[in-house]
**Student:** 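The structure under discussion is supplied below as structure tokens; questions concerning it will follow.
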Amino acid sequence: MTATTATQTIPASLHTPVIGWFEQHARDLPWRRPEAGAWGVMVSEFMLQQTPVNRVLPVYEQWMARWPRPADLAADAPGEAVRTWGRLGYPRRALRLHGAAQAITERHGGDVPSEHGQLLALPGIGEYTAAAVASFAYGQRHAVLDTNVRRVFARAATGIQYPPNATTAAERKLARALLPEEEGRAASWAAATMELGALVCTAKNEDCTRCPIAGQCAWRLAGKPAHQGPPRRGQTYAGTDRQVRGRLLAVLRDAVTPVPQSALDSVWEEPVQRARALDGLVADGLVEPLANGRYRLPMT
Ligand code: SF4
């Protein structure tokens, strides 16, 4: 079934069961509470990309306690953002969040803008994050397509087990077609479909017995045909440059003063890979080499 055909077969009646399920089963997460505000939503969205909720929670709490407003983060060194990011992975996100906080402070008086276009214009903010913040923080109508939502739509609407590796135009079109018309309901739908994918329609071992739309799910009704697309991307970590970068950064996060090359050399035996990883960190602005041959987290 193509996405176009699928949209014609999906009734708006999907909205009521999914939103109703969310109202009953949504997790009480700190960034969903009113006091989180738009900044809390933005911070959580940066952290949750590619990182599970249980790992994000402690870092989020620490982050918001230290930098409760964008201006607080903007006033601190980017290296402090990298340090507090800890072991969440993909630490360039910390630098991007710091850059966004600076732009919010300079351009918007310290308040996270509510307009999708202004959000998108912030450095480090892509289509997904702009839509998520506009929808979750400001209750606007946007298609919010994260991995979980894409999987739910692939199964329930398109009738396939997994979405393509990268988001396609057909998926965006489908997501727009499935959005409720009314703004507040669209925002609820975005949060609800994301939660459904995270808790019930998971990548492996989906629990259709708990699913509010099991009776309408195209993939389930078709007998759950096996995945036929290209192999899904693996999550290998051991032995990769990412692992080396993680170890090098851990040394710098734990250090209160700049560290010598020898301290970095001790964390990975293979010199070529180690040098490549360090060069990458420097090129990404995550590590600052000093004239005396020492290294530290970026201060400016
Ligand atoms: S019925 Fe199963 S496969 Fe279909 S959306 Fe629900 S949990 Fe996912």
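All of these numbers come straight from a predicted model, not from anything done at the bench. Whatever order the structure lists them in is the order used to number ligands and atoms, beginning at 1.
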**Student:** Is there a side-chain contact between Leu199 and Asn148 in this structure, where contact means two heavy atoms from C-beta onward sitting under 4.5 Å apart?
**Tutor:**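 SC-SC contact between Leu199 and Asn148 ruled out.
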**Student:** Has Cys217 got an N/O/S atom less than 2.8 Å from atom 4 (Fe) of ligand 1?
**Tutor:** yes
**Student:** Which residue supplies the protein heavy atom nearest to atom 8 (Fe) of ligand 1, what is that atom called, and how far is it?
**Tutor:** Cys201 SG, 2.4 Å
**Student:** At a 4.0 Å threshold, what atoms of ligand 1 neighbour a non-hydrogen atom of Ala214?
**Tutor:**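 Reading through ligand 1 atom by atom, the close ones are 1 (S).
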**Student:** Using the ring centroid of each side chain, check whether Trp39 and Trp67 are separated by less than 6.0 Å.
**Tutor:**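 No; Trp67 has its ring centre 6.0 Å or more from that of Trp39.
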**Student:** If you draw the axis of the six-membered ring of Tyr60, does the NZ or CZ of Arg55 fall within 45° of it and under 6.0 Å from the ring centre?
**Tutor:**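 No cation-pi geometry.
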**Student:** Restricting to N/O/S atoms, is Cys208 within less than 2.8 Å of atom 2 (Fe) of ligand 1 or not?
**Tutor:** yes
**Student:** Just jot down the ligand 1 atoms closer than 4.0 angstrom to any heavy atom of Arg220, in number order.
**Tutor:**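 Reading through ligand 1 atom by atom, the close ones are 1 (S).
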**Student:** What's the shortest distance from atom 3 (S) of ligand 1 to any protein heavy atom, and which residue and atom give it?
**Tutor:** Trp219 CE3, 3.6 Å
**Student:** Out of all atoms in ligand 1, which are within 4.0 Å of some heavy atom of Arg155? Include the element for each.
**Tutor:** 3 (S)
**Student:** Kindly assign one of parallel, tilted or perpendicular to the pair Trp189 and Phe153, based on the angle between their ring planes and the thresholds 30° and 60°.
**Tutor:**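 If you compare the ring of Trp189 with that of Phe153, the planes turn out parallel.
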**Student:** Between Thr84 and Arg253, do the side chains contain a donor N or O and an acceptor N or O under 3.5 Å apart?
**Tutor:** no
**Student:** Got a salt bridge between Lys224 and Glu206, using NZ or NE/NH1/NH2 to carboxylate O under 4.0 Å?
**Tutor:**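 Between Glu206 and Lys224 there is a salt bridge, with a charged N closer than 4.0 Å to a carboxylate O.
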**Student:** For atom 6 (Fe) of ligand 1, find the nearest protein heavy atom and state the residue, atom name and distance (0.1 Å precision).
**Tutor:**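 It is Cys211 SG, 2.3 Å.
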